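Here is the structure we will look at, set down as structure tokens.
Everything numeric here is computed off the predicted structure, so don't read it as measured data. First the proteins, then the strands, lettered A, B, ... as listed; each starts at 1.
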Amino acid sequence: MSVTAFILAGPAQIGGYLAVAAVLFALGVLACATRRNAVGFLMGIEMMLNAAALNFAAFDRFHVGTAAAAGHGQIMALFIIALAAAESAVALAMVYSVYRTWRDIDLAATSELKG
Amino acid sequence: MIEAALFWAACLLAVAGAAVCVVARNLLHAAFALGASLLGVAVLYLFLQAELLAAVQVLVYIGGVLVLTVFAVMFSRDIEGRVQLPPRWGWWLGVPTALLTLYAMARLALATVASGACPAVRSDPATLGQSINRPGGGNLGDLLLGPHLVPFLLVAVLLTVVLVAAVALVRKERKEAGAP
């Protein structure tokens with residue numbers, strides 16, 4: 001498929017969604033690697049989970065299959081969103097707890113058990 | 001034509017928001033950029049005819065998770081203005097890892113498109129309606145309370161545990177701080 005056809009087809013093909021999800025996932029990895037701050041690290045994780053959910057929804061829409069198979073990908077994306085919300089609630093509560101103890105949420109600075 | 005332009009605009013919003021989120025020095029700016037990225041993905045859900053997912057994305061992610069994140073950035077106000085330096089080997093380690101991930105996912109995506117399991121263009125609405133019978137979110141409710149009932153209930157239990165755990169994590173500290 002030529003580039004022009006790819007661009008013109010836009011939302012009617014799976015390629016665009018997969019590309020966006022791949023870039024989002026890679027950026028999430030990059031955010032996790034480069035952030036010292038616990039909240040910034042969490043943002044990277046949210047990005048990666050979001051990319052995975054987008055992939056599930058895209059494959060649910062485009063994959064050839066019987067009518068009975070439709071919708072399961074969307075359910076999976078729903079579960080991912082619910083788990084991401086739960087994870088971020090607990091993680092931010094922990095960040096708050098850590099902040100009260102150290103007055104800092106730098107991941108490198110908040111270590112007591114140094115070898 | 002307009003549809004394609006809107007689609008690519010949403011893609012650009014999602015990717016550019018994420019990119020700004022990665023490179024922003026100020027954590028609050030990063031949080032708002034993440035919000036733009038999540039909004040772009042919500043629009044992509046609309047293009048995927050997943051209206052419920054789009055609504056949940058806006059309500060839960062932007063209305064819940066992002067507000068919580070902004071709150072977490074703001075209560076630690078004294079670190080907010082500080083320049084956020086990455087770890088020493090962060091970029092040296094992060095960029096190759098991210099590029100490797102991108103390469104692997106791009107190869108998988110190209111293989112998927114080439115395999116023909118996901119037809120490139122399905123413009124015929126008649127066959128579309130047959131293969132995916134999804135009026136709004138009604139079908140999703142059947143799926144949730146049918147084959148996915150056990151995970152659904154487990155998520156409900158998990159959310160309850162998370163609620164209690166979050167409150168317990170924060171309250172315990174307060175009690176200890178006030179005791180002496």
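Residues B/Leu169 and A/Tyr96 fail the side-chain proximity criterion, which asks for heavy atoms closer than 4.5 Å. Counting heavy atoms from C-beta outward, A/Tyr17 and B/Cys11 have side chains that stay 4.5 Å or more apart. In this structure the side chain of A/Glu87 reaches within 4.5 angstrom of the side chain of A/Leu42, judged on heavy atoms. In this structure the side chain of B/Phe32 never reaches within 4.5 angstrom of the side chain of B/Val20, judged on heavy atoms. By the 4.5 Å heavy-atom criterion applied to side chains, B/His148 and A/His72 are counted as neighbours. In this structure, the side chains of B/Trp91 and A/Leu30 come closer than 4.5 Å at one or more pairs of heavy atoms. Put simply, the side chain of B/Val43 does not reach to within 4.5 Å of the side chain of B/Leu6, judged on heavy atoms. The shortest side-chain heavy-atom distance between A/Asn37 and B/Val73 does not fall under the 4.5 Å cut-off.
B/Ala24 and A/Arg35 get closest at one heavy-atom pair: O-NH2, 2.8 Å.
With respect to chain B, the highest number of heavy-atom pairs below 4.5 Å among A/Leu24, A/Val29, A/Leu27 belongs to A/Leu27. Heavy-atom pairs under 4.5 Å with chain A peak, among B/Val23, B/Thr69, B/Leu93, at B/Thr69. Counting heavy-atom pairs closer than 4.5 Å to chain A, the top residue among B/Thr97, B/Val155, B/Leu44 is B/Leu44. Contact count versus chain B (heavy atoms, under 4.5 Å) is highest, among A/Ile75, A/Val23, A/Leu92, for A/Ile75. The most heavy-atom pairs under 4.5 Å with chain B, out of A/Ala82, A/Ala51, A/Ala91, A/Ala53, come from A/Ala53.
With a threshold of 4.5 angstrom between heavy atoms, B/Leu38 approaches chain A through its backbone and through its side chain. Using a 4.5 Å cut-off between heavy atoms, B/Leu34 touches chain A through its side chain atoms alone. With a 4.5 angstrom heavy-atom cutoff, A/Ile7 touches chain B via backbone and side-chain atoms both. Using a 4.5 Å cut-off between heavy atoms, A/Ala19 does not touch chain B at all. Interface residue B/Pro151: backbone and side-chain heavy atoms are both found under 4.5 Å from chain A. Both the backbone and the side chain of B/Leu144 have a heavy atom closer than 4.5 Å to some heavy atom of chain A. For A/Glu46, the parts lying near chain B are the backbone and the side chain together; criterion is any non-hydrogen pair under 4.5 Å. For A/Phe79, the part lying near chain B is the side chain, with the backbone staying farther off; criterion is any non-hydrogen pair under 4.5 Å.
A continuous path of hydrophobic side-chain contacts links A/Val95 to B/Val70 [ILVMFWY only; heavy atoms under 4.5 Å]. Transitive grouping of hydrophobic side chains (ILVMFWY, heavy atoms separated by less than 4.5 Å) brings B/Met74 and B/Val65 into a common cluster.
The CG atom of A/Leu83 sits 6.0 Å away from the CG atom of B/Leu158 when rounded to the nearest 0.5 Å. With rounding to the nearest 0.5 Å, the separation of CD in A/Gln13 from CZ in A/Phe62 is 7.5 Å. To the nearest 0.5 angstrom, B/Thr112 atom OG1 is 4.5 Å from A/Phe59 atom CZ. Here the CG-CE distance, from A/Asn55 to A/Met76, works out to 12.5 Å after rounding to the nearest 0.5 Å. Annotation: the span from B/Leu53 atom CG to A/Leu78 atom CG amounts to 5.0 Å, rounded to 0.5 Å.
For residues 54-61 of chain B, a heavy-atom distance under 4.5 Å to chain A picks out B/Val56, B/Gln57, B/Val60, B/Tyr61, given by residue number. By a heavy-atom distance cut of under 4.5 Å, B/Thr101, B/Leu102, B/Met105 are the residues of residues 99-108 of chain B near chain A, going up by number.
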